[in-house]
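Worksheet for the structure shown next.
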Protein chains: 2
Amino acid sequence: MERTAVKLDYSLQEQQLAIFAKALGHPVRIQILKILSEQACCFNGDLTEIIPLAQSTISQHLKSLKDAGLIQGKIMPPKIRYCLNKEAWSEAQQLFESLFKNHIS
Amino acid sequence: MERTAVKLDYSLQEQQLAIFAKALGHPVRIQILKILSEQACCFNGDLTEIIPLAQSTISQHLKSLKDAGLIQGKIMPPKIRYCLNKEAWSEAQQLFESLFKNHIS
DNA sequence: AGCGTATATCGTAAAAGTACGATAGACAAA
DNA sequence: TTTGTCTATCGTACTTTTACGATATACGCT
């Protein structure tokens, strides 16, 4: 009678949720995502005018979000339009929902 | 006609959300929270038997969660019982919900 | 008082994150 | 072709995170 089963579910879902959560774990990135999700489907890097950080820093935050899969960038010549990745966004929504859903009373 | 108002709302909500998200940004902490939210309201550090990490490391993760306000520990003599902080948990739930709620189509 | 258990904290090392300025790349327009 | 604009990437510095073993603290029990 082993207890192998006990820690089997270090599931992909938990890992994916951690990846999404990590990407959300900085106020600037929250702000960017809020802008992308509310204001318009797409946006570009005049985030520089809204967010008081160096352009390179913002670019790094965008990269984090892209690496986590939450946003996508489309080259629209002089600029680049960033959009939410709606599939990933929905997936994140579901994962967070189900994390919070089943808690007792 | 200034544009001061534009970046006024680096709101507390965004910061709080980032704090919660950061706390959720590691699979081990997700796992701990899942255990605390599903299995029983409270739990103690025999997490050590479930999670294949050093006791001190797990203690650090618990500290992260405590610092973020998501859990509380009650001393129950030989051991310590960790519980979800339900208020914070609900707050987190609401903040994530409202982040994901308003996205276009 | 001394022992054992449970947990936190310290010290440390390696890795990752955050921010900046400077530079490089792509591409439209002149 | 050259110029200008927009963005990514590089190099760097500093901080934070993650993990470990070792040690300290708290407390019930003998």
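All values below were derived from every heavy atom in this structure, side-chain atoms included, with hydrogens, water molecules and symmetry-related copies excluded. The sequence lines fix the lettering, A, B, ..., with proteins before strands; numbering per chain opens at 1.
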query = Would you say A:Ile71 and A:Asn85 make side-chain contact, with heavy atoms under 4.5 Å?
reply = no

request  = Could you check how far NZ of B:Lys79 sits from C1' of D:dT25, rounded to whole Å?
outcome  = 18 Å

message = If I take atom CG in residue A:Leu47 and atom C1' in nucleotide D:dT7, what distance separates them, rounded to the nearest angstrom?
response = 12 Å

DNA chain D contacts among residues 56-69 of chain B, heavy-atom distance under 4.0 Å = B:Ser56, B:Thr57, B:Gln60, B:His61

ask   = What is the 5' to 3' range of DNA chain C, first to last nucleotide, that sits under 4.0 Å from any heavy atom of chain B?
value = C:dA6 to C:dT9

inquiry  = Can you classify the ring geometry of A:His61 versus A:His26 as parallel (below 30°), tilted (30 to 60°) or perpendicular (above 60°)?
reply    = tilted

ask   = Is the shortest heavy-atom distance from the side chain of A:Glu97 to the side chain of A:Gln93 under 4.5 Å?
value = yes

remark   = Residues B:Ile35 and B:Leu47: closest non-hydrogen pair is CD1-CD2, 4.0 Å

ask   = Looking at side-chain heavy atoms only, is the closest gap between B:Lys66 and B:Tyr82 below 4.5 Å?
value = yes

ask   = Does some side-chain heavy atom of A:Leu99 sit less than 4.5 Å from a side-chain heavy atom of A:Leu17?
value = yes

request  = Report the distance from atom CD1 of A:Ile71 to atom C1' of D:dT7, rounded to the nearest whole Å.
outcome  = 13 Å

remark   = Of A:Gln55 and A:Lys22, the one whose nearest nucleotide on DNA chain D sits closer to the 5' end is A:Gln55

inquiry  = What I'd like to find out is whether the side chain of B:Leu95 reaches to under 4.5 Å of the side chain of B:Gln13, using heavy atoms alone.
reply    = yes

ask   = Taking all non-hydrogen atoms of both residues, which atom of B:Leu24 and which atom of A:Phe100 are closest, and how far apart?
value = CD1-CZ, 4.4 Å

